[in-house]
Amino acid sequence: MLVDLTPPLPSIYSLHGELYNHPHMPELPEVETIAQTLRRGNDSPPLPGQRIKRVTIRWPRHIAMPSVTTFRRRIRDRLFSEVNRRGKYLVFALDRGTMLIHLRMSGDLVLVPPDTPAGRYDRTVFYLEDDHELRFSDARKFGKIFLLDDPDIVLGKLGPEPLDASFTPLILASRLLKRRRILKPLLMDQTFIAGLGNIYTDEALYHARLHPLRRSDSLDMNEITALWQGIRDALTLGLRHSGASIDWVYRGGDFQHHFRVYGRSGEPCLKCGTSIERIIVGQRGTHFCPTCQGEVNV
DNA sequence: AGCGTCACCCGGACGC
DNA sequence: TGCGTCCGGGTGACGC
């Protein structure tokens, strides 16, 4: 029934010698880039101010809350008022309630003009009053959509926003020292800090010159400040490049050309020339420079 | 309670 | 051609 008119992706999977035979999820910079594009409009008009006529749901398990039937009924005739981001969630404030979308591994959201050919992985389509369509495509089907009166049911569990002014080195210090966890999985824990995934965690630790296996309570204040700065540097660099485009969907960002460690195993460290290593930490591929991020002292 | 580990969801790409 | 394996984020089960 659906015709695949999606052109094959350019070969962007072997940029650094390491083969990217898998997708990975959009993180804070990618989600922020999508939010900004929808908010401002690009080739299409801004999403705020648009009203939803109806919705098509091709993969009902995407709808996390409420039930699919209730979702379908409640989303009708809703007006988009704001598009924001919290952690890796897109937050759509409506005239009644809030819709949250988590893209997980392979999700993407685009606002397209009328009669745009269907994409192979379009799963949920919001038909708007002016006949533009907001399309949620998701090859891996791991994405989640919520429609809530109180978005804090979901967003309330999230840790601080790393780019907020309220996120200071001291806040980070108190959170790190309260725990006794390995840094890499702790930074990816969305209740500890919101928005970091595998790529930006590895990049942040490299900027901070910290080994991914360090214990959270072993850091001194200088190291904590370096980590705070590293997190912000990695995210800011990603944002400046409109995120990375090594997913199933090309988003226009080009940060993948600027990774310091992610996907660069076997290649020389840009600071010292040492071969970048790849290890598994908490079931996740983890890239680091054994010289620059050397001391593990657990 | 806190922490680590593992299976699961899913499907494209790869090795054999 | 086809099967098994791998990968990823988040969740939930389980064990220490």
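So that the names make sense, note that chain A is the first sequence line, chain B the second, and so on, each numbered from 1.
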Can you see if the side chain of A:Arg120 gets near the phosphate of B:dG12 - specifically, an N or O under 4.0 Å from OP1 or OP2? yes
Do A:Arg264 and A:Phe259 meet the cation-pi criteria used here (NZ or CZ under 6.0 Å from the six-membered ring centre, within 45° of the axis)? no
Please give, in whole Å, the distance from C:dG8 P to A:Glu27 CD? 11 Å
Whole-Å gap separating C1' (C:dC7) and NE2 (A:His287): 11 Å
Below the 4.0 Å mark, does C:dG10 have OP1 or OP2 next to a side-chain nitrogen or oxygen of A:Lys144? no
What's the CG-P distance between A:Leu187 and B:dG4, to the nearest Å? 12 Å
Separation of A:Tyr200 atom OH from C:dG8 atom C1', in whole Å? 16 Å
On DNA chain B, check which nucleotide each of A:Pro185 and A:Phe142 is closest to and give me the residue with the more 5' one. A:Pro185
Within 45° of the six-membered ring axis of A:Tyr127 and under 6.0 Å from that ring's centre, is NZ or CZ of A:Arg54 located there? yes
Starting at CG of A:Leu28 and ending at C1' of C:dG10, how long is that distance when rounded to a whole Å? 17 Å
For a quick check, tell me whether the side chain of A:Arg284 and the base of C:dG9 share a donor-acceptor pair closer than 3.5 Å. yes
Closest nucleotide among B:dG11, B:dC3, C:dT11 to the A:Arg180 side chain: B:dC3
A:Asp138 has an atom CG; how far is it from atom C1' of B:dC9, in whole Å? 11 Å
Can you check the A:Ile145 CD1 to C:dG10 P distance for me, whole Å? 16 Å
Measuring to OP1 and OP2 of B:dC3, would you say a side-chain N or O of A:Arg179 lies under 4.0 angstrom away? yes
Tell me what A:Lys88 touches on the nucleic acid: a base, only sugar-phosphate, or nothing, going by heavy atoms under 4.0 Å. sugar-phosphate
Would you mind classifying the nucleic acid contact of A:Arg61 as base, sugar-phosphate or nothing, using non-hydrogen atoms under 4.0 angstrom? sugar-phosphate
Whole angstrom value for the distance that separates P of B:dC9 from CZ of A:Arg123: 17 Å
Look at the side chain of A:Arg232 and the backbone N and O of A:Pro162, then say whether any donor-acceptor pair between them is shorter than 3.5 Å. yes
Look at the side-chain N and O atoms of A:Tyr121 and state whether any lies under 4.0 Å from the OP1 or OP2 oxygen of B:dG11. no
For a quick check of understanding: with a heavy-atom distance under 4.0 Å over all strands, which category does A:Gln283 fall into, base, sugar-phosphate or nothing? base
Look at the side chain of A:Arg140 against the base of B:dG11 and say whether a donor-acceptor pair falls under 3.5 Å; ignore hydrogens and angles. yes
Any A:His102 side-chain N or O less than 4.0 Å from OP1/OP2 of C:dG10: yes
Test item: A:Glu203 side-chain N/O and A:Tyr262 main-chain N/O as donor-acceptor pair under 3.5 Å: yes
Any A:Arg215 side-chain nitrogen or oxygen under 4.0 Å from OP1 or OP2 of B:dG4: yes
For A:Trp59 and for A:Arg181, locate the closest nucleotide of DNA chain B by heavy-atom distance; then report the residue assigned to the nucleotide nearer the 5' terminus. A:Arg181
Assess, by modelled atom type and distance only, whether the side chains of A:Gln190 and A:Tyr89 contain a donor and an acceptor separated by less than 3.5 Å. no
Going by an N to O cut-off under 4.0 Å, is there a salt bridge joining A:Asp217 and A:Arg179? no
